[in-house]
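For reference, the structure is listed below as structure tokens.
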Amino acid sequence: MRILGIDIGGTGIKSAIVETATGKLAGKRIRAETPRRATPEQVARVLREQISAHEWDGPVGAGFPAVIREDTVCTAANIDASFIGLPIADYFSEQTGRPVFAINDADAAGLAEARFGAARDIPGVVLVITIGTGLGTSLFIGGKLLPNTELGHLLLDNGMDAERYASESARVRQKLSWKTWGKRFNRYLDAMEKLLWPDLIVLGGGISKQREKFVPALKTRASVVTACYFNRAGIVGAALYAETRLAKALPVPHAVE
Ligand code: BGC
């Protein structure tokens with residue numbers, strides 16, 4: 001089945017049509033800057049633009065950088081606060097004229113890696129960390145997602161919110177060398193390992209393309225790998241999520257393709 005996957009981030013909004021049976025992109029990838037004031041109206045405008053650029057009239061899966069419970073936004077760390085309380089799936093569906101299903105962006109990235117990528121067929125505990133404007137996490141056991149883990153906001157032993165200290169935006173904002181940032185990220189991984197004892201850690205987000213600059217210096221008990229999909233995982237996972245939701249909503253004959 002083909003679904004348009006959209007990854008709404010604090011800095012960019014990226015989308016592509018995804019072939020859900022293989023996890024491959026079935027068309028070009030489009031990227032736009034996230035509007036400076038990322039209000040629901042402004043984000044919906046970008047979604048409409050991208051949907052029309054893809055000439056798409058089918059269902060949409062959207063990864064969104066916030067906790068989403070019962071299709072409603074609950075937090076807003078890197079997005080306008082006016083999103084809080086918004087029934088996001090209904091709102092974007094209404095604004096775009098097609099069914100939109102929304103999931104936390106890191107959970108979306110994790111779904112793609114668990115189904116087709118670096119966390120495929122891993123029976124134990126897998127922690128996926130997306131390093132970008134924010135620090136996103138998704139947690140899996142036996143391939144099953146525990147949704148909305150906000151472990152990027154863990155307070156470290158220096159009292160700092162991990163995201164403020166060790167995200168990609170912190171590295172850029174504070175002009176940190178890779179070595180200094182790597183030490184910070186190690187401190188975060190150390191905290192994660194003490195709390196969760198994962199079997200595998202998958203690192204995704206834009207930074208994962210530059211793996212050689214920081215992965216060799218990471219010191220962990222668990223194996224660390226970079227996401228197979230790099231920062232495309234969010235797009236692919238959002239489409240996979242929409243497919244699952246559609247399968248549940250439709251009568252069985254339509255759910256099986
Ligand atoms: C948000 C998470 C999100 C992460 C990555 C954090 O600031 O709280 O919900 O997954 O950024 O975008």
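Every number for a ligand or one of its atoms is a count from 1 in the order of the listing.
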Starting from [atom], what is the nearest protein heavy atom, named by residue and atom, and what distance separates them?
{"atom": "atom 4 (C) of ligand 1", "value": "G136 CA, 3.6 Å"}
{"atom": "atom 5 (C) of ligand 1", "value": "D105 OD2, 3.4 Å"}
{"atom": "atom 6 (C) of ligand 1", "value": "E163 OE1, 3.1 Å"}
{"atom": "atom 9 (O) of ligand 1", "value": "E150 OE2, 2.6 Å"}

(request) Evaluate whether atom CZ of R164 has more than 12 neighbouring non-hydrogen atoms of other residues, nucleotides or ligands under 6.0 angstrom away. (result)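 Incorrect, the count does not exceed 12.
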Which of the numbered atoms in ligand 1 are below 4.0 angstrom from a heavy atom of [X]?
{"X": "N104", "result": "2 (C), 3 (C), 9 (O), 10 (O)"}
{"X": "H153", "result": "1 (C), 6 (C), 7 (O), 8 (O)"}
{"X": "G134", "result": "11 (O)"}
{"X": "N78", "result": "7 (O), 11 (O)"}
{"X": "A77", "result": "7 (O), 8 (O)"}

(request) Check L127, V225, V224 against V202 for a side-chain contact (heavy atoms from CB on, under 4.5 Å) and give me the one that passes. (result)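 Considering L127, V225, V224, a side-chain contact (heavy atoms from CB on, under 4.5 Å) with V202 is found only for V225.
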(request) Can you spot which of I131, T133, L135, L154 makes a side-chain contact (heavy atoms from CB on, under 4.5 Å) with E163? (result)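 In the set I131, T133, L135, L154, the residue that makes a side-chain contact (heavy atoms from CB on, under 4.5 Å) with E163 is L135.
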(request) Would you list the pairs meeting ring-ring contact (aromatic ring centres under 6.0 Å, His included) in which at least one residue belongs to residues 206-229, sequence neighbours left out? (result) W178-F214, W181-F214
(message) Filter on ring-ring contact (aromatic ring centres under 6.0 Å, His included), then keep only pairs touching residues 16-58, sequence neighbours left out; what's left?
(response)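 Qualifying pairs, neighbours excluded: none.
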(request) Given side chain to side chain contact (heavy atoms under 4.5 Å, CB included), test R115 with V236 step by step and report yes or no. (result) CA-CA 10 Å; R115 176 91 67 90; V236 175; over 6 Å; no
(request) Could you tell me if any non-hydrogen atom of A66 lies under 4.0 Å from any atom of ligand 1? (result) yes
(message) Do the side chains of E49 and R45 get close enough for a salt bridge, i.e. N-O under 4.0 angstrom?
(response) yes
